[in-house]
Amino acid sequence: MSGALTDELTDAVHGGWRTAGSRFGPALVVLLACIGTTLLLTWLYSDAQTARAREQFAAWCEERQQLINRNLDSRIEGLYGLRALFDSSEYVSPDEFERYTSDAITRHRDVRSLGYLRYVADEQRDAFEQQYSRLLGKEFRILDLGPDGKPIPAARRPHYAPLVYGQIRDSVPIGLDSRTVPALVDAMDAAARNDLASVVILRAPHAAPEQTQRFVQVYLPIFSRGTRRAPADQRILEGFVRLRFVLEELTEGITDQARTAGIEMRVVEVGREDLAADIGEGAVVSESSWFGPMRLEWRGGIAIADRMLSLQLLAIDGRTEPELLPAWALLLAGLALSLAGSLAAYSLSRSRLRTEAMSRNLQAEMRERQRSEQRTAQSEERYRSLVENSPDAILMVRENVVTFVNRPAIELFGAASAEELVGRDVLDRVHPQDRAIFQKRFERMQQEGVVLPPLEERLLRLDGTTVHVEVRSVPFIIDGVMVLHVTIRDITARQQAERERIGLEAALRQAQRLEAIGTLTGGIAHDFNNILSSIVGNIRLVMEDLPVGHPARQSAHEIRNATSRARDLVKRLMTFSRQQEAPQSPLDLAPLIDEVQQLLRPALPAGVVLRPVVPPDTPPVIGDATQLHQVLVNLCTNAWQAMPLGRGEIQILVRTMTAAKARRESRATLQGAARYVCIEVRDNGSGIPREVIDRIFDPFFTTKGPSEGSGLGLAVVHGIVQSHQGAIVAKSEPGSGSSFFVYLRVSERAARPKGVPVGDGPRGANQHVLYIDDEESLVLLVTRILERNGYRCSATTDPRQALAWIDQNPQAYDLVLTDLNMPGMSGIDVARAILARCPTLPVVITTGYVRAADVAATRDLGIRDLILKPDTIDELANLVARFLQESAGPGS
């Protein structure tokens with residue numbers, strides 16, 4: 001009982017507070033709103049009065065600004081009229097000048113003088129002074145002011161601007177040169193440069209500190225007639241007309257008006273770069289409170305020719321303050337209205353509480369009904385959103401008839417709307433070859449009511465095309481009839497990706513096999529190089545030991561030629577395995593094409609003819625003989641393989657053209673040479689189908705059978721041509737043959753003749769060479785060669801023993817030769833250890849094959865060179881002499 005009583009008391013207290021809040025809340029809101037409105041209206045009224053005062057003050061200031069500008073414009077216009085007087089006549093007499101200017105001086109009390117200054121160069125000074133002495137009828141001299149302020153003859157300088165005409169009351173004497181004051185010179189130069197009036201403002205000379213008068217001098221250039229419209233650098237400057245007036249006298253009347261109105265007026269000079277920041281138009285108002293003193297300030301610009309001054313007007317005694325109504329009157333009126341409004345709100349709230357009590361139950365019932373309807377609508381909306389936004393097509397099938405489809409299903413079947421699918425037999429959309437399987441699955445689900453695994457099958461779109469899909473069917477009962485919920489997913493992209501994955505895996509396996517072949521080739525080439533090095537070196541020693549005319553020298557010479565061909569074979573193997581960079585140099589095409597012809601002739605079928613046509617004036621190209629040999633062999637091999645009957649003709653046609661023509665024919669961006677050589681390999685075989693000609697250079701693409709090729713031949717050809725900065729283009733007509741065009745850069749240097757012997761180098765002077773190689777036969781061979789050529793040689797197959805020898809006597813050796821690939825320590829490791837002990841000892845590495853990574857590593861360590869073994873054995877003495885000479889330095 002006590003708990004129930006407590007709850008009732010709590011509800012009563014809370015209900016009382018709620019009732020009180022409902023009763024007094026609106027009245028409080030009305031009261032606060034009315035008070036806020038009263039304050040707002042008072043502020044708006046004050047702001048309106050302030051804005052009116054601001055506008056009146058700004059209008060008064062703008063009128064004075066315009067008046068000053070008009071006065072200034074009238075003075076400047078008089079100056080332009082004076083220039084027109086001089087422009088209209090070749091000679092203006094002093095009387096004409098006085099008559100024209102006396103009226104302007106009489107009307108404007110602030111104008112001190114109007115004058116004419118003649119522009120004179122120093123070489124014209126004497127003639128000018130004589131001329132104006134005759135015109136004026138008295139002696140005329142160009143004058144300067146002396147230290148005592150009296151005029152004296154002007155000192156010599158490049159240019160003068162003496163006053164020729166002036167008023168009698170002008171304090172400036174006739175002939176006084178104005179170009180002694182830098183500010184005046186700048187103004188005159190600016191006027192002459194721009195053909196406009198230019199202004200300079202100066203304080204009165206010798207004026208007392210309390211005097212604030214500023215003299216404004218305006219200069220306007222006068223050019224000789226006939227040159228005014230000429231370019232600035234061709235016009236002839238004749239002189240200047242000058243206006244002098246006192247700025248304070250011009251604005252004196254306006255200043256008195258402002259002072260009478262309680263406004264302080266100032267005209268301030270500003271720099272040209274400060275014009276935008278310092279001169280603005282408008283009124284600036286600052287107030288301490290609604291009813292406190294107000295300060296009005298206005299700023300505007302005054303234009304004098306090419307100068308702009310700042311006009312500042314400041315209200316200083318508060319006469320422009322607006323007259324405001326008492327704020328307390330507005331506040332009391334607002335409070336009275338606030339109380340009346342709050343009483344009315346209190347009365348209305350009591351009536352509203354009674355109405356709310358009567359309708360509370362009805363509102364509770366309505367809210368419950370709305371929540372129920374909202375939950376139902378949300379459930380339907382979630383289902384509709386789930387079905388319509390599903391990435392899969394969804395169908396409802398009842399007794400083999402489609403009763404519902406979602407939007408993805410409409411798109412899958414290519415229908416314009418759902419009406420084209422609903423009401424139709426679902427079997428009509430199944431591919432004829434898959435209908436039997438679909439019918440069996442449907443009957444089994446009807447009989448057993450089970451969910452079967454997904455099935456991949458083919459469906460027909462409305463346009464008859466086939467689409468591969470994955471189908472899932474879920475049976476359920478509606479009104480005693482089985483209905484199938486069918487979900488269809490388009491797997492065309494997935495099947496395509498699967499096919500591409502299988503193709504890529506096959507390509508990867510092929511690439512791995514090629515990489516393994518390349519690695520094996522590199523290892524074989526390395527060992528073969530060691531064997532060749534031993535053969536080449538020993539044959540050279542044999543030929544040196546045999547006397548001239550000995551019958552065995554011919555056999556030794558043939559062995560040496562055979563080793564040269566073996567060396568070329570090793571280079572090709574290196575290039576194939578990508579373990580050796582192929583250098584490019586000037587190369588004659590005729591011998592190269594002849595070698596290709598000799599190589600292919602035994603392999604070609606008897607009915608295939610290979611016919612090269614190389615003009616005798618064909619220039620050399622930039623390339624690698626081994627790689628270009630591979631290009632031509634691949635293209636010719638493909639050509640005769642495209643002759644199914646084993647009969648036909650292959651032509652190798654060579655022609656030279658300009659770079660522009662090569663770019664037009666190849667449609668490629670060819671750069672790096674002014675001329676190009678085009679090698680065309682043409683055949684009359686079966687040709688290339690149009691649908692595959694754009695893919696023939698793709699890696700692993702081939703039209704041959706599994707055992708006929710890897711699809712890398714033309715891809716390798718394309719890569720070699722690209723590495724030569726050239727282009728390759730294929731053209732073919734099925735049944736009429738094919739043509740491959742290879743564009744190569746022309747070399748401006750002649751090709752080096754093949755087989756040019758290298759001259760014997762100087763003999764050694766008992767220098768000590770340390771040789772390291774894991775092949776004992778090479779150690780013996782190099783020792784014999786070096787000792788025959790005047791060197792001492794310490795050789796070993798153990799790199800650690802060589803390091804021990806250096807530790808025992810670091811200064812005993814002049815050069816170190818070491819093999820690159822050795823068990824235990826590589827040649828780079830040996831070189832690093834030697835250079836750490838003896839940084840100045842030259843180290844050269846020899847190797848069976850050169851890789852780009854090895855070259856970079858040797859450069860970083862400071863190793864002198866990385867050279868190939870067969871060449872170094874043949875020229876070992878010359879190379880040792882060169883390295884020793886480089887280490888000794890010039891002049892040694």
Decide if atom CZ of R156 counts as having more than 12 heavy atoms of other residues, nucleotides or ligands within a radius under 6.0 Å.
-> yes
Nearest atoms (heavy-atom pairs only) where [X] meets [Y]:
| X | Y | answer |
| --- | --- | --- |
| L85 | E96 | CD2-O, 4.5 Å |
| A187 | Y219 | CB-CD1, 4.1 Å |
| A261 | W60 | CB-CZ2, 4.5 Å |
| R118 | E238 | CD-O, 3.0 Å |

Inter-residue atom distance [X].[atom1] - [Y].[atom2], 0.5 Å rounding:
| X | Y | atom1 | atom2 | value |
| --- | --- | --- | --- | --- |
| L314 | M265 | CG | CE | 13.0 Å |
| L79 | L220 | CG | CG | 5.0 Å |
| L184 | L202 | CG | CG | 5.5 Å |
| L136 | Q131 | CG | CD | 9.5 Å |
| L250 | I302 | CG | CD1 | 9.0 Å |
| Y676 | L670 | OH | CG | 4.5 Å |

For residues Y116 and F97, establish whether the separation of their ring centroids is below 6.0 Å.
->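 Not close enough - the centres of the two rings lie 6.0 Å or further apart.
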Any chance the rings of F245 and H108 have centres within less than 6.0 Å?
-> no
Decide whether T180 and D144 meet the rule of one side-chain donor and one side-chain acceptor closer than 3.5 Å.
-> no
Classify the side-chain pair Q217/R242 by whether it contains a donor and acceptor separated by less than 3.5 Å.
-> no
Return the orientation label for the F140 and Y132 ring planes: parallel under 30°, perpendicular over 60°, tilted otherwise.
->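 F140 and Y132: tilted rings.
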Is it true that the NZ or CZ of R125 lies under 6.0 Å from the centre of Y160's six-membered ring and within 45 degrees of the ring axis?
->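 That pair qualifies as a cation-pi contact.
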Option passing side chain to side chain contact (heavy atoms under 4.5 Å, CB included) with L243 (candidates L114, L82, T101) = L114
Minimum side-chain heavy-atom gap E269-I201 below 4.5 Å =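 Of all side-chain heavy-atom pairs linking I201 with E269, at least one is under 4.5 Å.
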